[in-house]
Amino acid sequence: MNDDLRWNKIFGAILATLLVIFALRQAAEMVFATHPPAKPGDAIAVQIASAGGESAAPDVPPDWGTVLPKADVAAGQMQSAKCASCHTFTNGGANGTGPNNWGVIGRAPGSHAGFVYSTAMTDFGKKTPAWDYDHLYMFLANPQSYIAGTKMTFVGLKQPQDRINLIAWLRQQSASPAAIPAPNPKAAAAAAAAPK
Ligand code: HEC
């Protein structure tokens with residue numbers, strides 16, 4: 001047998017061994033990685049957070065009484081540019097791909113006159129009396145994961161602070177801005193302790 005052929009065989013054998021090791025490791029990972037979550041909600045929370053790309057910790061709404069007075073409203077207005085292809089935010093503004101969102105905080109989801117909502121949004125409105133800070137915060141993180149079936153095809157704002165600033169600005173796009181609750185230091189501490 002010539003030398004080249006022998007080396008080919010040796011390399012072939014090494015390669016085959018590596019492939020088998022790799023396949024075994026993959027198989028082991030698949031077997032051990034499929035523990036079901038303790039509660040169904042756990043899996044959802046983890047998904048939302050990992051969509052943010054930072055960590056697997058749940059993305060929980062902040063204490064609004066603490067964060068809203070400090071929010072950067074001008075930065076929030078800049079964020080709203082990402083919504084402008086589909087929404088107007090002015091009083092009496094037209095519906096476009098999405099509904100006019102003047103006064104949306106405090107409004108019942110899926111209720112703006114003249115706009116045809118998805119069934120998903122209409123159903124969400126049946127169990128949610130109004131868009132409040134918490135619901136907006138969760139919805140805007142990842143609309144299609146928060147309300148499965150919504151026709152708002154927007155990827156979401158991953159950064160919590162972007163959402164807080166935007167919500168602070170949104171609050172002002174209203175004839176009667178929603179009240180800012182009193183700060184609740186305990187809730188603020190809990191939200192801050194939740195890893196972001
Ligand atoms: C690609 C278009 C598009 C973009 C971009 C978009 N939206 Fe929407 N939005 C929609 C559509 C369509 C709906 C209606 C959803 C449904 O019926 O399921 C909607 C619904 C909403 C609602 C619910 C309104 C109601 O009356 O219940 C809110 C709040 C909202 N959008 C806020 C935003 C904000 C804030 C942004 C920017 C960060 C944004 N959207 C970006 C298309 C968009």
Side-chain angles (χ1 to χ4, degrees), residues 41 44-45 47-55 57-181 191 194 196:
I44 293 168
Q47 273 174 12
I48 291 172
S50 54
E54 283 120 43
S55 76
D59 185 357
V60 291
D63 178 53
W64 295 102
T66 304
V67 298
L68 278 180
K70 293 189 298 194
D72 186 340
V73 175
Q77 178 165 21
M78 305 252 282
Q79 290 297 326
S80 78
K82 297 174 182 165
C83 328
S85 57
C86 300
H87 293 286
T88 58
F89 293 96
T90 48
N91 192 357
N95 293 328
T97 306
N100 166 258
N101 271 341
W102 168 259
V104 73
I105 298 182
R107 187 166 92 192
S111 70
H112 189 64
F115 186 80
V116 181
Y117 291 89
S118 65
T119 326
M121 186 60 79
T122 316
D123 287 349
F124 179 73
K126 285 180 191 152
K127 51 181 189 174
T128 315
W131 280 115
D132 57 15
Y133 301 131
D134 282 358
H135 283 109
L136 276 171
Y137 181 87
M138 297 308 290
F139 176 62
L140 294 176
N142 188 340
Q144 298 194 315
S145 105
Y146 192 61
I147 302 181
T150 179
K151 61 178 183 175
M152 171 152 150
T153 51
F154 173 71
V155 301
L157 296 175
K158 301 312 170 206
Q159 297 302 325
Q161 193 59 48
D162 288 348
R163 271 175 278 151
I164 291 169
N165 292 340
L166 176 61
I167 287 168
W169 176 80
L170 261 182
R171 179 183 164 271
Q172 296 184 352
Q173 314 313 305
S174 164
S176 49
I180 298 180
K196 287 259 149 58

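First listed ligand is number 1; within each ligand, the first listed atom is number 1. Note that these values count all heavy atoms, side chains included, but never hydrogens, waters or copies made by symmetry.
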Extract all N/O-N/O pairs under 3.5 Å that connect ligand 1 to the protein, and present each with both atom names and the distance rounded to 0.1 Å.
from     : atom 1 : to     : atom 2 : distance (Å)
ligand 1 : 7 (N)  : His87  : NE2    : 2.7
ligand 1 : 9 (N)  : His87  : NE2    : 2.8
ligand 1 : 17 (O) : Ser118 : N      : 2.8
ligand 1 : 17 (O) : Ser118 : OG     : 3.4
ligand 1 : 18 (O) : Ser118 : OG     : 2.5
ligand 1 : 18 (O) : Thr150 : OG1    : 2.7
ligand 1 : 18 (O) : Lys151 : N      : 2.9
ligand 1 : 26 (O) : Arg107 : NH2    : 2.9
ligand 1 : 26 (O) : Tyr117 : OH     : 2.5
ligand 1 : 27 (O) : Gly110 : N      : 2.8
ligand 1 : 27 (O) : Trp131 : NE1    : 2.8
ligand 1 : 31 (N) : His87  : NE2    : 2.9
ligand 1 : 40 (N) : His87  : NE2    : 2.8

Open item on the list: Among residues at least two apart in sequence or on other chains, which ones pass side chain to side chain donor-acceptor pair (under 3.5 Å) with Lys151?
Closed with: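 Once residues adjacent in sequence are excluded, Lys151 has no partner under the side chain to side chain donor-acceptor pair (under 3.5 Å) criterion.
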Show me the donor-acceptor pairs, under 3.5 Å and distance only, between side chains in residues 62-74 and residues at least two apart or in other chains.
from  : atom 1 : to     : atom 2 : distance (Å)
Asp63 : OD2    : Thr66  : N      : 3.4
Asp63 : OD2    : Thr66  : OG1    : 2.5
Asp63 : OD2    : Asn184 : N      : 2.9
Trp64 : NE1    : Asp134 : OD1    : 2.6
Asp72 : OD1    : Ala74  : N      : 3.3
Asp72 : OD1    : Ala75  : N      : 3.0

TODO: Locate the shortest heavy-atom distance separating Val104 from Trp131; write the atom from each residue and the value.
DONE: O-CB, 3.4 Å
Task: Heavy-atom closest pair, residues His135 and Ala130 - done: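 Here His135 and Ala130 meet closest at ND1-O, 4.0 Å.
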Open item on the list: Any side-chain to backbone donor/acceptor pair from Tyr133 onto Ala178? Under 3.5 Å, distance only.
Closed with: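 Yes.
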Open item on the list: Tell me which pairs pass ring-ring contact (aromatic ring centres under 6.0 Å, His included) where either residue lies in residues 153-178, with sequence neighbours left out.
Closed with: Phe89-Trp169
